[in-house]
Amino acid sequence: GFDLSQFEVGDLIGKGAFGEVYVASHKRRKRVKVALKCMMKSQEDRYLDVDGHSTPVLAEVAMMLRLMNAPRCPNIIRLHDWVELEDNFVLILEYAESCQTLLQYIKDTGDIEENQARRLMRQLIRAVMFCTERGVFHGDIHTANILVTLPRLELKLIDFGCAQPITHKPFNKSDYRGAGHGMPPEALRGRVFHANPAYVWTIGIMLYEIMHGRLAFCNRQSLMFGSIQINPRLSTACVDLISQCLIRNPVQRLQLHQVEEHCWFNSTTPNPV
Ligand code: ADP
Ligand code: MG
Ligand code: MG
């Protein structure tokens, strides 16, 4: 196990809906760092597993554990251990050194080149495909739940607090527990939905946001009915990938394996002058 008393808690590095995240360094080996995600115990529902049975383990931990057996995916943040304190649960996570959230990276970088975007999207797809292989639907992919390390642009998917196990049964709208930016129209409409097409939609949403610096849809109305405004200066392959991931009908939408095989990933776009 992990001995928390060996660590000295440092700066607050992030804040989410339910918890605070701190960096902590090993007291003797200062270079060894972890991220501590501390969550108040007051949210009763956080003790329940996906079938509504109460469990001693957070659903978030249970979902992450599915992803921790070797071989692991380097694009998913590692869960070292967790501890239960009187009022808190603490997840002991791999600390992503010199990273930014994708949200911040997009803000700071301004116009992101397609080559950079391609590098990030490859890693996001790898993380997503790994999740599907292990039967995990993340359910809350958005730019604050993706970390990017600098300058190497390594991507780490974080925050499995809304994750659900993928079973033979489709999901209902209420199974999408995330902030909503990545929610596919079939879920919003209240129909049942499947993990893979929902992931593809989210991949399209992320690629759009990386290439435009803003959300593809600013509200529900435009998500359901609006047309997408794609920057005409993007390469045709990039425009094609975005539009095919953001097809509202999940049956017509690109499939997950087709996303990975899309020609945009084989091109190198000349950098703009
Ligand atoms: P919540 O479930 O409350 O949204 P998150 O797991 O998304 O919490 O973490 C909140 C923020 O903390 C993230 O957006 C990120 O900025 C930061 N963070 C979380 N985990 C790590 C980590 N392992 N390394 C570095 N920063 C992290
Ligand atoms: Mg979060
Ligand atoms: Mg969360």
Side-chain angles (χ1 to χ4, degrees), residues 2 4 7-26 31-50 57-65 67-68 72-83 87-109 120 123-124 127-128 131 136-165 174-183 202 205-206 209-210 215:
F2 226 89
L4 252 194
F7 284 82
E8 192 172 298
V9 180
D11 293 340
L12 179 72
I13 50 174
K15 238 180 145 114
F18 294 109
E20 295 176 334
V21 182
Y22 295 88
V23 63
S25 339
H26 196 275
R31 292 217 314 281
V32 177
K33 289 178 183 167
V34 291
L36 304 177
K37 181 173 179 177
C38 310
M39 291 173 286
M40 291 287 283
K41 275 187 180 178
S42 52
Q43 278 84 20
E44 295 280 322
D45 65 321
R46 300 180 70 80
Y47 293 93
L48 301 180
D49 72 11
V50 284
V57 180
L58 290 172
E60 182 166 357
V61 170
M63 289 295 98
M64 287 195 89
L65 285 177
L67 307 168
M68 294 302 127
R72 286 187 306 105
C73 175
N75 303 113
I76 293 174
I77 209 80
R78 185 170 182 175
L79 175 70
H80 292 301
D81 208 348
W82 71 95
V83 289
D87 305 316
N88 282 283
F89 272 114
V90 182
L91 305 197
I92 301 155
L93 300 162
E94 163 192 357
Y95 172 57
E97 193 103 45
S98 61
C99 71
Q100 281 185 326
T101 61
L102 180 58
L103 182 71
Q104 196 59 47
Y105 177 74
I106 292 171
K107 273 194 195 133
D108 290 2
T109 313
L120 292 170
Q123 299 177 80
L124 179 61
V128 162
C131 287
V136 174
F137 179 61
H138 184 285
D140 195 19
I141 295 182
H142 59 81
T143 53
N145 285 339
I146 292 171
L147 301 179
V148 177
T149 73
L150 298 169
R152 298 182 59 194
L153 292 194
E154 286 162 343
L155 177 145
K156 305 269 179 187
L157 183 58
I158 63 166
D159 194 358
F160 288 78
C162 296
Q164 299 272 9
S174 60
D175 293 321
Y176 198 104
R177 292 159 57 229
H181 312 288
M183 193 190 283
T202 312
I205 292 287
M206 289 298 98
E209 201 171 336
I210 291 172
L215 296 170

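Order of listing sets the numbers, starting from 1, for every ligand and every atom in it.
Residue E94 touches ligand 1 through its backbone alone, judged by heavy-atom distances below 4.0 Å. Using a 4.0 Å cut-off between heavy atoms, V23 makes no contact with ligand 1 at all.
When atom types are taken as modelled, the side chain of N145 and the backbone of D140 share a donor-acceptor pair closer than 3.5 angstrom. Judged purely by atom type and a 3.5 angstrom limit, H138 uses its side chain to pair as donor or acceptor with the backbone of I158. With hydrogens and angles disregarded, a donor-acceptor distance shorter than 3.5 Å links the side chain of D159 to the backbone of G161. Side-chain N or O atoms of Q164 include none that pairs as donor or acceptor with a backbone N or O of R177 at under 3.5 Å.
Atoms of ligand 1 lying under 4.0 Å from any heavy atom of L147, numbered from 1 in the order shown and given with element: 15 (C), 21 (C), 22 (C), 24 (N), 25 (C), 26 (N), 27 (C). Annotation for ligand 1: atoms under 4.0 Å from non-hydrogen atoms of N145 are 7 (O). Here is the list of ligand 1 atoms found below 4.0 Å of a heavy atom in I77: 23 (N).
Backbone and side-chain nitrogen or oxygen atoms of A96 are examined, and one is located within less than 3.5 angstrom of a nitrogen or oxygen of ligand 1. Between D159 and ligand 1, a contact under 3.5 Å exists for at least one N or O pair. By the 3.5 Å distance cut-off applied to N or O atoms, K37 is counted among the residues near ligand 1.
Put simply, part of A144 is less than 4.0 Å from ligand 1, judged by heavy atoms.
For atom 13 (C) of ligand 1, the nearest non-hydrogen atom from the set I158, T149, L36, V21 belongs to I158.
A side-chain contact (heavy atoms from CB on, under 4.5 Å) with K37 holds for exactly one of I77, L91, L79; it is L91. When the options T149, I106, I146, D108 are evaluated for a side-chain contact (heavy atoms from CB on, under 4.5 Å) with Q100, the one that passes is D108. Each of H80, H26, R78 was checked for a side-chain contact (heavy atoms from CB on, under 4.5 Å) with V34, and the lone residue meeting it is H80.
Metal site remark for the Mg ion (ligand 2): D159 contributes an N, O or S atom at a distance under 2.8 Å.
The CD1 atom of I205 sits 12.0 Å away from the CD1 atom of I210 when rounded to the nearest 0.5 Å.
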